[in-house]
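Throughout, a chain's letter reflects where its sequence line sits, starting with A, and its residues are numbered from 1. Both backbone and side-chain heavy atoms feed into the values below; hydrogens, waters and symmetry mates do not.
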Protein chains: 4
Amino acid sequence: MAGSVNKVILVGNLGRDPEIRTLNSGERVANLSLATSETWRDKASGERKEKTEWHRVVIFNDNIVKVCENYLKKGSTVYVEGQLQTRKWTDQQGVEKYSTEVVIQKFKGELTMLGGRGDGGGMSRGGGDDDYSSGFSTGGANKPSGPRESYDLNDDIPF
Amino acid sequence: MAGSVNKVILVGNLGRDPEIRTLNSGERVANLSLATSETWRDKASGERKEKTEWHRVVIFNDNIVKVCENYLKKGSTVYVEGQLQTRKWTDQQGVEKYSTEVVIQKFKGELTMLGGRGDGGGMSRGGGDDDYSSGFSTGGANKPSGPRESYDLNDDIPF
Amino acid sequence: MAGSVNKVILVGNLGRDPEIRTLNSGERVANLSLATSETWRDKASGERKEKTEWHRVVIFNDNIVKVCENYLKKGSTVYVEGQLQTRKWTDQQGVEKYSTEVVIQKFKGELTMLGGRGDGGGMSRGGGDDDYSSGFSTGGANKPSGPRESYDLNDDIPF
Amino acid sequence: MAGSVNKVILVGNLGRDPEIRTLNSGERVANLSLATSETWRDKASGERKEKTEWHRVVIFNDNIVKVCENYLKKGSTVYVEGQLQTRKWTDQQGVEKYSTEVVIQKFKGELTMLGGRGDGGGMSRGGGDDDYSSGFSTGGANKPSGPRESYDLNDDIPF
DNA sequence: TTTT
DNA sequence: TTTT
């Protein structure tokens, strides 16, 4: 295929605390229940209405799992960037079901804390790590070394 | 809620021709089956692997429905920008099911043709309209009246 | 051209209060100075570093101009979605300059309030309007007439 | 700062072949000149109009630099995801200038080939690498190992 | 079910 | 300077 893009961008609030589990492989996974809402005024009745959409976010990136564990809770506002993925599973009655999730892979996607009620006050990020971050953002990288401040090309002119 | 964002960006190919239906309200709706693929080389075996994700795109914007009708077909490459929306429905056995879709609302979202095998050659967009467009892009338009809560199609099954 | 996309997504804080001006046409324009920051730990020195990028956001959508006027101030956190646009202008010495801006057109782009220090407390949106909104989001609106080619502000300098 | 986001998404065509240079550090950098266009019908005159925006894209990720070198040329259509960055420089007359660029960092951003006239036919990506890719997409990762196909949580239910 |  |  000549290239494709699968990207989801959400800003919303957690409906409950993150759930973190350990797979048989030892790998940790975080699950978030994230709400986005729209409000509008109904043209006919003049009433204000609201509709909330709930998103299931699944995180396989361990740096981001740690942020979920240490900083997020019910009510936290987050920016999430991931991929749409539909998973098939079978319930206890043997019925096939589908679940569509926003997945933050090990090497793809981001999560950035944006504050909100759930934040326990402090914004300090905890020390001792060598992560690259955009504020409380986490993701994308492996062992980055910071943004580029300048580079030595002197024949660059705006075009 | 202090503002939220719900945005999906996809670039992929149509798995079949667009399906266009007319609702009881007279409103037209287009459905796209859009594939995005990832390929990678397996570290262990060294083999090239591929995984395809299928997305159900539902379009309520009539300008975009017209583009689907006139220009898109199986194999077309498109850029789609919409919202994630999960819809509950009941199948013929009375079982509740959920379908998560990428929705292009009447007044939100975009679709841009990017070529691909399915394009029947001509790129001319048809005249006589006064639409704003970015290339073959369509969207962003007028007179919003709130998000869609439900629509009366009962033959929709997750795919 | 077979379709193109020009989209900028920013979440950051205002460095100063919004500036709102009226063009000769009577149209109002809001300018925001928006900061995004990245922090990282320097691999060599182990020090925490930060780099801030300043973005000039220019808003031609009057609903969003009103939100800027009524709700935003220095310190506010906002989500902004617009287009990249580079404008050429001539300074008082007759030197040609270029300014690249994130533009929210009349019929394209969004702004969503996400809280932050600058918010004067209340989140109430003001009544009497029939706007469609996603939280405090505003945008996506009607009756487009083409992109903006130039506007008559001659005191604009890159910042 | 409580987290920020700085993201640019472009789909357009290259106005010329990629320029690739080597910095004093030995690091390679690719520069792309990318066009995005909008067309619209003027309401007054009824004429079709077009406006093209040119974007300077700067790439520090070596995997993506290789894709530019081997597969892209004048006319190629690409999807680019990067960060907005403004760089100050001094021209030969000693005048300070600013250049705003879309930067694909070493560990951030993506480039995906979408075809277009410039593509020399072959889509084969060259072998012997262990890169993760989405079609011809490149970026984001370091040593990824492919998308997740399934995971062993059996208590997952749609919510 | 697409695409390469 | 691209593309249709």
**Message:** Between Asp17(B) and Lys74(B) (side chain of the first, backbone of the second, donor and acceptor by atom type, cut-off under 3.5 Å), is there such a pair?
**Reply:** yes
**Residues forming a side-chain hydrogen bond (donor to acceptor under 3.5 Å, both in side chains) with Lys7(A), sequence neighbours excluded** = Glu81(A), Glu81(D)
**Message:** Measuring from the side chain of Arg16(D) (C-beta onward, heavy atoms only), which nucleotide among dT3(F), dT1(F), dT2(E) has the closest atom?
**Reply:** dT1(F)
**Asked** Could Arg56(D) and Glu101(D) be called an ion pair, given the rule that one side-chain N must be under 4.0 Å from one carboxylate O?
**Response** yes
**Item:** Distance, rounded to the nearest Å, where Glu38(B) contributes CD and dT3(E) contributes P
**Value:** 19 Å
**Asked** CG of Leu32(B) versus P of dT2(E): gap in Å, rounded?
**Response** 15 Å
**Asked** Out of dT2(E), dT1(E), dT3(F), which nucleotide sits closest to the side chain of Thr52(B)?
**Response** dT2(E)
**Item:** Nearest-angstrom distance from the residue atom CG of Leu114(D) to P of dT2(F)
**Value:** 19 Å
**Asked** Nearest-Å distance, CE (Met113(B)) to P (dT3(F))?
**Response** 17 Å
**Message:** Distance check needed: dT4(F) P versus Glu50(D) CD, whole Å only.
**Reply:** 11 Å
**Asked** Can you list the residues that meet the salt bridge (charged side-chain N to carboxylate O under 4.0 Å, His left out) rule with Glu19(D), with sequence neighbours excluded?
**Response** Arg16(D), Arg21(D)
**Prompt:** Separation of Glu53(D) atom CD from dT2(F) atom C1', in whole Å?
**Reply:** 13 Å
**Item:** Side chain of Asn13(D) - closest among dT1(F), dT2(E), dT2(F)
**Value:** dT2(F)
**Message:** Can you measure Asp17(B) atom CG to dT1(E) atom P for me and round it to whole angstrom units?
**Reply:** 14 Å
**Fill in**
Whole-Å distance, Lys51(B) NZ to dT1(E) P, equals 18 Å
